[in-house]
Participant: 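Take a look at this one; I'll ask things after.
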Amino acid sequence: MPGKLDDLKTLQKNLARQIKLAPLSHLPRLIGGADVSYIEPGYAIGAVVVYDLEKGKVIEETYAVEKVTFPYIPGFLSFREVPVLKKAFAKLKIKPEVLLVDGQGILHPRGLGLASHLGLELNIPTIGVAKKPLIGEFELPEDKPGAFCPIFINGQVKGVVLRTRKGVKPVFVSPGHLIDLESALKVVKASLSGYRIPEPLRKAHLLTQRLRGECRNNSGWGDRQ
DNA sequence: GCGACAG
DNA sequence: ATCTTGTCGC
C-alpha cells in the first residue's frame, strides 16, 4: 500500500497550484475570524465571526458541529478542520471581505496550510495566523508591537513572525489565498486590539470555547442542531 | 536514522 | 486541541 498520506500530499501540491496571491485593493472593513474546538465523542465545533473594523465589534457569528473524521497530523490539519469551518461559514448572512484563520497559510511544507485550503474551498481571501511555527527559517523580532521578521522557505519569503504586543510570544502570519503577504500583514495589524491574537480570531476562539462549555453541561448535543 | 512538528 | 488552580508580573 503506497500510503494514504502520499496521496494527500499529491492532492495538496495540486491544490496549491491554484492558490492566487495578489494585493488587496483596499483595507477591508469586514474581517472574519475562524476557529475550531473539540468535544468528547469525537466532534468538532467550528465557529466564524464577522468583525466590523469601523464599529469595532462583531456583527455576526455562526457555528457548526461535525464528527471528526481525520486525525491531527502536522502538515495535514486542513483535512481535519476545513469541513466544519465550511459548514459554519455557509450559515453567515453577511460574508466578510477577508477571513483570518487559526493556522498556517502558504507557510507550509507543500504550500497548502489550513488557511490556504479553506480559502480555496470558499473562494475568498484568507490569511493564516498561527500561534506556533510549522516550517521555515526566521529570526525573532524585537519585543515591540508591530515588529516583524520574514520567514523563509528555500530562500523565499513566505510569511512573517509578528510581534502583536509587548511581552508575549509572536504570531506567524502568511497569506492563505487571494491576498499577498504585504496586504495580509496590513489586515492583521489593523485588526489588533491590544491582545496577542487579532480580534476576529480571538472572538472566534472565545465563541468556540463557550459553545464547548455549554455542550458539556447539556451532556451532549441532545437539543438544537 | 534523528528530531521537529499548525490545531 | 485537551486535561486543569493558583499564581507571579506588568
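Just so you know, these numbers use all the heavy atoms, side chains as well, and skip hydrogens, waters and symmetry mates. In what follows, chains are A, B, ... by sequence order, proteins preceding strands, each numbered from 1. For clarity, every value in this text was computed on a predicted model and none was experimentally measured.
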Participant: Under 4.0 Å: is that the gap between some side-chain N or O of Q209(A) and OP1 or OP2 of dT2(C)?
Facilitator: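 Yes, because at least one side-chain N or O of Q209(A) sits under 4.0 Å from OP1 or OP2 of dT2(C).
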Participant: With a non-hydrogen cut-off below 4.0 angstrom, is E40(A) in contact with a base, only sugar-phosphate, or nothing?
Facilitator: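 It contacts nothing in the nucleic acid.
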Participant: Distance check needed: dA6(B) P versus L201(A) CG, whole Å only.
Facilitator: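 In whole Å, dA6(B) P lies 17 Å from L201(A) CG.
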Participant: Give the nucleotide from the list dC5(B), dG7(B), dT2(C) with an atom nearest to the side chain of R212(A).
Facilitator: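 Looking only at side-chain atoms, R212(A) lies closest to dT2(C).
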Participant: What is the distance, rounded to the nearest whole Å, between atom NZ of K9(A) and atom P of dC5(B)?
Facilitator: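 Between P of dC5(B) and NZ of K9(A): 17 Å.
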Participant: According to the interplanar angle, ranging from 0 to 90°, do the rings of F79(A) and F70(A) count as parallel (below 30°), tilted (30 to 60°) or perpendicular (above 60°)?
Facilitator: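 Ring orientation of F79(A) relative to F70(A): tilted.
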Participant: Quick one: do R212(A) and E40(A) make a salt bridge, cutoff under 4.0 Å?
Facilitator: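 Salt bridge absent between R212(A) and E40(A).
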Participant: In this structure, how many angstroms lie between the C1' atom of dA6(B) and the CZ atom of F76(A), rounded?
Facilitator: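 In whole Å, dA6(B) C1' lies 13 Å from F76(A) CZ.
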Participant: Side-chain N or O of R80(A) less than 4.0 angstrom from OP1 or OP2 on dA1(C)?
Facilitator: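 Looking at the OP1 and OP2 atoms of dA1(C), neither is under 4.0 Å from any side-chain N or O of R80(A).
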Participant: Whole angstrom is fine here: how far is it from CD1 in I73(A) over to C1' in dA4(B)?
Facilitator: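 Distance check: I73(A) CD1 to dA4(B) C1' gives 15 Å.
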Participant: Looking for any heavy atom pair under 4.0 Å, which part of the strands does Y72(A) touch: base, sugar-phosphate only, or nothing?
Facilitator: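 Answer is base: heavy atoms of Y72(A) come under 4.0 Å of a base.
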Participant: Test the R202(A)-Y51(A) pair against the cation-pi criterion, namely NZ or CZ under 6.0 angstrom from the six-membered ring centroid and within 45° of the ring axis.
Facilitator: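 Output no; distance or angle outside limits.
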Participant: Just to be sure I understand the rule, does G113(A) reach a base, reach only the sugar-phosphate, or reach nothing, if contact means heavy atoms closer than 4.0 Å?
Facilitator: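 It contacts base atoms.
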Participant: Answer yes or no on whether R110(A) is positioned over the face of F76(A), meaning its NZ or CZ is under 6.0 Å from the six-membered ring centre and within 45° of the axis.
Facilitator: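 Cation-pi check for R110(A) and F76(A): passes.
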Participant: In whole angstroms, how far is the C1' atom of dA6(B) from the OH atom of Y38(A)?
Facilitator: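 Going from OH in Y38(A) over to C1' in dA6(B) covers 11 Å.
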Participant: Rounded to whole angstrom units, what separation is found between the OH atom of Y43(A) and the C1' atom of dA1(C)?
Facilitator: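 So the OH-C1' distance, Y43(A) to dA1(C), works out to 18 Å.
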Participant: The test is side chain to side chain donor-acceptor pair (under 3.5 Å); show your working for S183(A) and D180(A) and say whether it passes.
Facilitator: CA-CA 6 Å; S183(A) 291; D180(A) 63 6; 3.0 Å; yes
Participant: In this structure, how many angstroms lie between the P atom of dC5(B) and the CG atom of L107(A), rounded?
Facilitator: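 Spelled out: CG on L107(A) to P on dC5(B) is 13 Å.
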Participant: Checking all strands, does F70(A) fall into the base, sugar-phosphate, or nothing category for heavy-atom contacts under 4.0 angstrom?
Facilitator: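 Contact class for F70(A): none.
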Participant: Classify G75(A) by what it touches in the nucleic acid, base, sugar-phosphate, or nothing, heavy-atom distance under 4.0 Å.
Facilitator: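 Here G75(A) touches the bases of the nucleic acid.
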Participant: Expressed as a whole number of angstroms, how long is the span from I135(A):CD1 to dG7(B):C1'?
Facilitator: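 Whole-Å distance recorded here is 17 Å.
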Participant: Under 4.0 Å, counting only non-hydrogen atoms across every strand here, what does K131(A) touch: a base, just sugar-phosphate, or nothing?
Facilitator: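 Sugar-phosphate, backbone atoms only, no base.
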